[in-house]
Novice: 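I have a structure I would like to understand better, so I am pasting it below and will then ask my questions one at a time.
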Amino acid sequence: MTEAASPALPFKSDFLRTLQERGFIHQVTDAGGLDEKAAKGRVVAYIGFDATAPSLHAGSLVQIMMLRWLQKTGHKPIVLMGGGTTKVGDPSGKDASRQLLTEDDIKANIASIKQAFSPFLTFGDGPTDAIMIDNDAWLSGYGYIQFLREFGPHFTVNRMLTFDSVKMRLEREQPLTFLEFNYMLMQAVDFLELYQRHGCVLQMGGSDQWGNIVNGVEIVRRKSDGEAFGLTTPLLTTSSGAKMGKTAAGAVWLNADMRSPYDYWQFWRNTEDADVGRFLRLFTDLPIPEIERLEKLPGAEINEAKKVLADEATGMLHGREAASQARAAAEAAFEQGRLSADLPTVEVPRATLESGETTIAALAVDAGLASSRGEARRLAEGGGLRLNDEQIKDGMRPVTVADLNADGVLKLAAGKKKIVLVRPF
RNA sequence: GGAGGAAUGUCCCGAGUGGCAAAGGGGGCGGACUGUAAAUCCGCUGCGAAAGCUUCGUAGGUUCGAGUCCUACUUCCUCCA
């Protein structure tokens, strides 16, 4: 078994060299062998995505970008949708089992997740075109006894118990169900199936997938006598330790209907100073010298680099136009104190304002700035609520049509960053 | 099957004597300072305009009053068989 080989530095293949200099590589099963193979010819590689939510979030972006570089350096990406594996649920990195999703939920999630890939990869039938496959295609076809006889002999429980995902549960005395215990076998079988069907020799994933990936590499060797590789990316956290892709407002979803381009742009714009260079390498296509220039910008000028990051990341996902609109809206709001029609907007019945019975706290709830009126009131008392740029400390202050500005809208802000336009209809 | 232990503010951890809207953290949100950054400091963190209402695994019971006592049930952990 090949352990976490520290990557040999001068890679010959464009693929590994690019991943290396951009910070994608955490562990590789056999860096030299993979480099050799990638330098010689076309490699088919895959990454699996489980369908636990209706959209992927920024945390998955590292994986998507890695497939993008794979394709750009002349190889073939396979996007594996986990329609089958999601039915079981991956215990990796979790200290409690997730609630099981219904098959309908999973199907709906897959349909919704799919959209996110097309901006990043070129799909088609060509030799380096990306393809998308659902592992439900083979996993659901196995009978229980058949599956056990076919793959069971290749896994020892002794060894399975040594994997982090399992060990963690046992050490913390958290239950690990037999169902979840089987997950790693299923993922291993995925690799084998893809190897046999598509000549796929490389599985990539996040560092929490190392155990699962290694199992796949081994099963390919044992069942097919084939040569297979695994590669993981570092676990992404911000410099201050927060998990990537999560913010107060929830996950940073990639689907536009779950997180607007404006909010997406803002997410990247608010990157911590210390992360700018790392993120530019991981989440944009910008050439390294350009990134090196940007990350060295002194003091407040680093903000320019953050805008570039936001432009590039948003542009790649939502398109250039959406990105520049988002940028314009944000610059207007934050740098010039002006309003922009591109700010997030909430519509409220005109009658609500005319009745004079609405309070600013209630409005803040309607606008999604607070989850209850009490919370909105506390926000106001703490000085965090603004109506048309004026701080309102009394959450019970009524809001009427008289508060509409010249454009016929209300500008409501919670804190400095969350701004919403309230428009009567 | 037997013995013991555990479930607390619906984000997490975690104290809790019969008078508790319930200590303390973490996280989160807001404010100050800055640069829409980090670090730091301060405030807030069940619902309600209020009276008040609803919270401590579930369902009953004792009590003027129950997170705290009793009974049953559920789930989990540890040990024995």
Side-chain angles (χ1 to χ4, degrees), chain A residues 93-99 168-178 180 237-252 262-280 294-311 314 326-338 340 343-344 355-365 367-387 389 391-399 412-420:
Chain A
K94 300 183 185 65
D95 55 6
S97 47
R98 289 274 190 85
Q99 187 155 23
M168 191 180 79
R169 288 279 185 91
L170 297 181
E171 277 168 7
R172 306 183 86 188
E173 297 188 347
Q174 295 290 332
L176 174 75
T177 62
F178 186 66
E180 297 171 284
T237 57
T238 66
S239 291
S240 39
K243 244 188 202 159
M244 186 66 195
K246 296 276 168 77
T247 69
V252 181
Y262 170 81
D263 279 335
Y264 193 73
W265 194 91
Q266 277 291 307
F267 168 73
W268 294 107
R269 170 62 184 82
N270 285 308
T271 297
E272 294 172 26
D273 287 8
D275 293 326
V276 173
R278 197 157 53 103
F279 286 3
L280 280 167
L294 286 169
E295 69 184 340
K296 282 189 196 125
L297 290 173
E301 282 180 49
I302 193 82
N303 285 329
E304 282 312 309
K306 294 184 191 179
K307 286 186 194 175
V308 173
L309 171 63
D311 280 349
T314 308
R327 179 180 188 145
E331 286 181 340
F334 288 104
E335 293 172 22
Q336 294 140 35
R338 283 191 296 108
S340 162
L343 285 171
S355 70
E357 283 166 11
T358 302
T359 62
I360 189 158
L363 210 55
V365 173
L369 297 176
S371 56
S372 74
R373 294 181 186 190
E375 185 185 314
R377 244 181 315 129
R378 275 183 246 116
L379 178 72
E381 281 161 22
L385 197 57
R386 275 162 215 279
L387 176 63
D389 296 319
Q391 193 178 68
I392 307 286
K393 289 221 169 187
D394 176 14
M396 291 300 103
R397 177 196 186 283
V399 179
L412 202 59
K416 287 172 187 148
K417 293 182 190 171
K418 282 175 284 183
I419 305 172
V420 170

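First the proteins, then the strands, lettered A, B, ... as listed; each starts at 1.
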Novice: Considering only the P atoms, how many Å lie between B:U8 and B:A3, rounded to the nearest integer?
Specialist: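 These two P atoms come out 25 Å apart once rounded.
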Novice: Select from A:Gly382 and A:Leu176 the residue whose nearest nucleotide in RNA chain B is closer to the 5' end of that strand.
Specialist: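 Counting from the 5' end, the first nearest nucleotide belongs to A:Gly382.
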Novice: Should B:A15 form a Watson-Crick or G-U wobble pair with both distances under 3.5 Å, which nucleotide is its partner?
Specialist: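 Answer to the pairing question: none, since B:A15 forms no Watson-Crick or G-U pair.
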Novice: With the criterion being N/O to N/O and under 3.5 Å, what pairs connect the protein with nucleotides 34-37 of chain B, and how long is each?
Specialist:
unit_1: B:U34; atom_1: O4; unit_2: A:Lys416; atom_2: NZ; d: 3.4
unit_1: B:G35; atom_1: O6; unit_2: A:Asp273; atom_2: OD2; d: 3.3
unit_1: B:G35; atom_1: N1; unit_2: A:Asp273; atom_2: OD1; d: 3.3
unit_1: B:G35; atom_1: N1; unit_2: A:Asp273; atom_2: OD2; d: 2.6
unit_1: B:G35; atom_1: N2; unit_2: A:Asp273; atom_2: OD1; d: 2.5
unit_1: B:G35; atom_1: N2; unit_2: A:Asp273; atom_2: OD2; d: 3.4
unit_1: B:G35; atom_1: N2; unit_2: A:Asn303; atom_2: OD1; d: 3.1
unit_1: B:G35; atom_1: N2; unit_2: A:Lys306; atom_2: NZ; d: 3.0
unit_1: B:G35; atom_1: N3; unit_2: A:Asn303; atom_2: ND2; d: 3.4
unit_1: B:U36; atom_1: O2'; unit_2: A:Asn270; atom_2: OD1; d: 2.9
unit_1: B:U36; atom_1: O2; unit_2: A:Gln266; atom_2: OE1; d: 3.0
unit_1: B:U36; atom_1: O2; unit_2: A:Asn270; atom_2: OD1; d: 3.1
unit_1: B:U36; atom_1: N3; unit_2: A:Gln266; atom_2: OE1; d: 3.4
unit_1: B:U36; atom_1: N3; unit_2: A:Gln266; atom_2: NE2; d: 3.2
unit_1: B:A37; atom_1: OP1; unit_2: A:Lys417; atom_2: NZ; d: 3.1
unit_1: B:A37; atom_1: O4'; unit_2: A:Lys306; atom_2: NZ; d: 3.3
unit_1: B:A37; atom_1: O2'; unit_2: A:Asp273; atom_2: N; d: 3.3
unit_1: B:A37; atom_1: N3; unit_2: A:Asp273; atom_2: OD2; d: 3.1

Novice: Might you point out which heavy atoms bring A:Leu412 and A:Ala367 nearest each other, and give the distance in Å?
Specialist: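 Scanning both residues completely, I find the closest heavy atoms to be CD2-CB, 4.1 Å.
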Novice: Who is the Watson-Crick or G-U wobble partner of B:A72, with both distances under 3.5 Å?
Specialist: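 Base-paired to B:U58.
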Novice: Can you tell me, in whole Å, how much space there is between the C1' of B:U62 and that of B:U68?
Specialist: 14 Å
Novice: How far apart are the closest heavy atoms of A:Ile360 and A:Leu385, and which atoms are they?
Specialist: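 Looking at all heavy atoms of both residues, the shortest contact is CG1-CD2, 3.9 Å.
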Novice: At a cut-off of 3.5 Å, list every protein nitrogen or oxygen paired with a nitrogen or oxygen from nucleotides 40-42 of chain B, distance to 0.1 Å.
Specialist:
none

Novice: Rounded off to whole Å, could you give me the CG-to-C1' distance for the A:Leu369 and B:C29 pair?
Specialist: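 Between C1' of B:C29 and CG of A:Leu369: 12 Å.
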Novice: Measure all distances between protein nitrogen or oxygen atoms and nitrogen or oxygen atoms of nucleotides 5-7 of chain B, and list the pairs falling under 3.5 Å.
Specialist:
none

Novice: Which residues pass the side-chain contact (heavy atoms from CB on, under 4.5 Å) test with A:Lys417, sequence neighbours left out?
Specialist: A:Asn270, A:Phe334
Novice: In whole Å, what separates the C1' atom of B:A6 from that of B:C73?
Specialist: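 That atom pair is separated by 16 Å.
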Novice: Expressed in whole Å, how much space separates the C1' atoms belonging to B:A15 and B:C56?
Specialist: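 Rounded to whole Å, the distance is 13 Å.
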Novice: Could you tell me whether the side chain of A:Trp265 reaches within less than 4.5 Å of the side chain of A:Asp311, counting heavy atoms only?
Specialist: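 Yes - at least one pair of side-chain heavy atoms lies under 4.5 Å apart.
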Novice: Tell me which donor-acceptor pairs under 3.5 Å the side chains of residues 369-383 of chain A have, and how far apart each pair is, sequence neighbours excluded?
Specialist:
unit_1: A:Ser371; atom_1: OG; unit_2: A:Glu375; atom_2: OE1; d: 2.6
unit_1: A:Ser372; atom_1: OG; unit_2: A:Glu375; atom_2: N; d: 3.1

Novice: For B:C20, does the O4'-C1'-N9-C4 (purine) or O4'-C1'-N1-C2 (pyrimidine) torsion place it in syn, i.e. within 90° of 0, or in anti?
Specialist: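 Nucleotide B:C20 adopts syn.
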Novice: Taking only the P atom of each, what is the distance from B:A51 to B:C33 in whole angstrom?
Specialist: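 Straight-line distance between the two P atoms is 35 Å.
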Novice: Quote, to the nearest angstrom, the P distance that separates B:U34 from B:G28.
Specialist: 23 Å
Novice: Base, backbone or nothing for each nucleotide of nucleotides 48-56 of chain B, written B, S, -, heavy atoms under 4.0 angstrom, 5' to 3'?
Specialist: SSS------
Novice: I'd like to check the salt bridge (Lys or Arg N to Asp or Glu O under 4.0 Å) partners of A:Asp263; sequence neighbours left out, ordered by chain and number.
Specialist: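 For A:Asp263 there are no salt bridge (Lys or Arg N to Asp or Glu O under 4.0 Å) partners, ignoring immediate neighbours.
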Novice: Measuring only the C1' atom in each nucleotide, how far is B:U55 from B:A39? A whole number of Å is fine.
Specialist: 37 Å
Novice: Does any nucleotide pair with B:A21 by Watson-Crick or G-U wobble geometry, both distances under 3.5 Å, and what is it?
Specialist: none
Novice: Tell which nucleotide pairs with B:C79, taking only Watson-Crick or G-U wobble pairs whose two distances are both under 3.5 angstrom.
Specialist: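 Looking at the geometry, B:C79 pairs with B:G2.
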Novice: What distance do A:Phe279 atom CZ and A:Glu295 atom CD have between them, rounded to the nearest 0.5 Å?
Specialist: 12.5 Å
Novice: The criterion is side-chain contact (heavy atoms from CB on, under 4.5 Å); which residues satisfy it with A:Ala333, sequence neighbours excluded?
Specialist: A:Leu343, A:Ile419
Novice: Return the pairing partner of B:C29 with a 3.5 Å limit on both distances, Watson-Crick or G-U wobble; otherwise return none.
Specialist: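 Matched B:C29 with B:G43 under the 3.5 Å cut-off.
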Novice: Compare every heavy atom of A:Thr359 with every heavy atom of A:Met396, then report the nearest pair and how far apart it is.
Specialist: O-CG2, 3.6 Å
Novice: Taking only residues two or more places apart in sequence or in another chain, which ones pass salt bridge (Lys or Arg N to Asp or Glu O under 4.0 Å) with A:Asp389?
Specialist: A:Lys411
Novice: Please enumerate all protein N or O atoms sitting under 3.5 Å from an N or O of nucleotides 24-27 of chain B, with distances to 0.1 Å.
Specialist:
none

Novice: Rounding to the closest angstrom, what is the interatomic distance between B:G14 and B:G67 at atom C1'?
Specialist: 14 Å
Novice: Report, one line per pair, each donor and acceptor closer than 3.5 Å where one atom sits in a side chain of residues 296-310 of chain A; sequence neighbours left out.
Specialist:
unit_1: A:Asn303; atom_1: ND2; unit_2: A:Ala300; atom_2: O; d: 3.2
unit_1: A:Lys306; atom_1: NZ; unit_2: A:Thr271; atom_2: O; d: 2.9
unit_1: A:Lys306; atom_1: NZ; unit_2: A:Asp273; atom_2: OD1; d: 2.7
unit_1: A:Lys307; atom_1: NZ; unit_2: A:Glu331; atom_2: OE2; d: 3.1
unit_1: A:Lys307; atom_1: NZ; unit_2: A:Glu335; atom_2: OE2; d: 2.7

